[in-house]
Amino acid sequence: QVQLVESGGGLVQPGGSLRLSCAASGFTLDHHAVGWFRQAPGKEREGVGCLSNTFDGTHYADSVKGRFTISRDSAENTAYLQMNTLKPEDTANYFCAVGPIYSRCVFPILPVRYHLWGQGTQVTVSS
């Protein structure tokens, strides 16, 4: 079954860190660009960052640049979003998604460029 499953969300205090995972099954994640998105209540889905299929080429939203890092583990067929120095405004439901085969990370990070989505994992930053 072709799917993406996110995990790792939770409640964290401001200034804390979380690492989200995006486990792929039914296909090889390395062949696709991976995007991370988030959506807060009442807001549009926002592109947080992406990583090209060739392991190079990343882009990040200005709001997370320097704090968030996307990576992937080929052996685990999993992508990660490392989030440091979290702020209350980072609170949202976070989604991973993949683009077409051999796709690259392109800025701006638009949902329309990604065709397979996970179910999301909630991140809440609060004291």
Side-chain angles (χ1 to χ4, degrees):
Q1 184 178 2
V2 174
Q3 64 178 358
L4 296 171
V5 178
E6 299 99 333
S7 61
L11 174 64
V12 62
Q13 292 187 341
S17 297
L18 278 176
R19 190 180 76 159
L20 306 184
S21 299
C22 173
S25 58
F27 68 101
T28 302
L29 191 61
D30 284 356
H31 294 168
H32 302 260
V34 175
W36 282 95
F37 297 81
R38 65 186 181 187
Q39 189 166 19
K43 294 189 176 182
E44 293 188 353
R45 191 164 294 190
E46 172 192 17
V48 172
C50 61
L51 172 65
S52 288
N53 69 304
T54 54
F55 287 77
D56 62 353
T58 57
H59 292 288
Y60 296 94
D62 287 344
S63 57
V64 306
K65 201 171 293 183
R67 300 189 298 122
F68 289 13
T69 303
I70 297 175
S71 62
R72 57 168 115 211
D73 184 324
S74 300
E76 296 294 326
N77 210 31
T78 298
Y80 302 97
L81 179 65
Q82 178 67 44
M83 305 185 295
N84 299 328
T85 320
L86 283 161
K87 305 174 181 180
E89 51 264 42
D90 294 319
T91 295
N93 200 7
Y94 282 72
F95 301 86
C96 66
V98 295
I101 192 166
Y102 306 131
S103 50
R104 298 184 62 83
C105 166
V106 177
F107 192 84
I109 308 160
L110 301 175
V112 69
R113 295 192 172 121
Y114 297 82
H115 66 283
L116 177 66
W117 292 78
Q119 83 290 350
T121 185
Q122 178 66 34
V123 172
T124 302
V125 185
S126 174
S127 56

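For this chain, numbers begin at 1 and follow the sequence in order. Below, each value reflects all heavy atoms present in this structure, side chains not excepted, and no hydrogens, waters or symmetry copies.
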For R67, give me all partners under side chain to side chain contact (heavy atoms under 4.5 Å, CB included), at least two apart in sequence or on another chain.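 Side chain to side chain contact (heavy atoms under 4.5 Å, CB included) check on R67 returns V64, T85, K87, D90.
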Under the side chain to side chain contact (heavy atoms under 4.5 Å, CB included) rule, collect the residues that match up with A97, sequence neighbours excluded.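 Scan of A97 (side chain to side chain contact (heavy atoms under 4.5 Å, CB included), adjacent residues dropped) gives F37, Y114, W117.
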Is there a continuous path of hydrophobic side-chain contacts, each under 4.5 Å between heavy atoms, that joins [X] to [Y]?
X    : Y    : value
V48  : L4   : yes
L81  : V98  : yes
V123 : I109 : no

E44 CD: over 12 foreign heavy atoms closer than 6.0 Å =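 Not more than 12 within 6.0 Å, no.
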Any donor-acceptor pair under 3.5 Å linking the side chain of [X] with the backbone of [Y]?
X    : Y    : value
N53  : A33  : no
N77  : L29  : yes
E6   : L20  : no
R113 : P108 : yes
H59  : V106 : no
S52  : C105 : yes
S17  : Q82  : no

(message) The test is side-chain contact (heavy atoms from CB on, under 4.5 Å); show your working for Q119 and V5 and say whether it passes.
(response) CA-CA 7 Å; Q119 83 290 350; V5 178; 4.2 Å; yes
**Report entry** Atom of R72, atom of V34 and distance for their closest heavy-atom approach
**Finding:**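 That closest heavy-atom pairing would be NH1-CG2, 3.6 Å.
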- Query: Parallel under 30°, tilted from 30 to 60°, perpendicular over 60°: which one fits the rings of Y102 and H31?
  - Reply: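 Geometry flag for H31 against Y102: tilted rings.
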- Message: Please determine whether side-chain contact (heavy atoms from CB on, under 4.5 Å) holds for the pair T58 and F107, giving the CA-CA distance in whole Å, both sets of side-chain angles, and the decisive distance to 0.1 Å.
- Response: CA-CA 9 Å; T58 57; F107 192 84; over 6 Å; no
Practice prompt. Compare all side-chain heavy atoms of E46 with those of S63 and state whether any distance is below 4.5 angstrom.
Written response: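 A side-chain contact exists here, since the closest heavy-atom pair is under 4.5 Å.
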Checklist entry - Are any of the side-chain heavy atoms of T69 and Y60 separated by less than 4.5 Å? => result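 Yes, at least one pair of side-chain atoms sits under 4.5 Å.
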| query | Going through the distances and angles, do Q13 and V125 end up as a side-chain contact (heavy atoms from CB on, under 4.5 Å)? | reply | CA-CA 5 Å; Q13 292 187 341; V125 185; over 6 Å; no
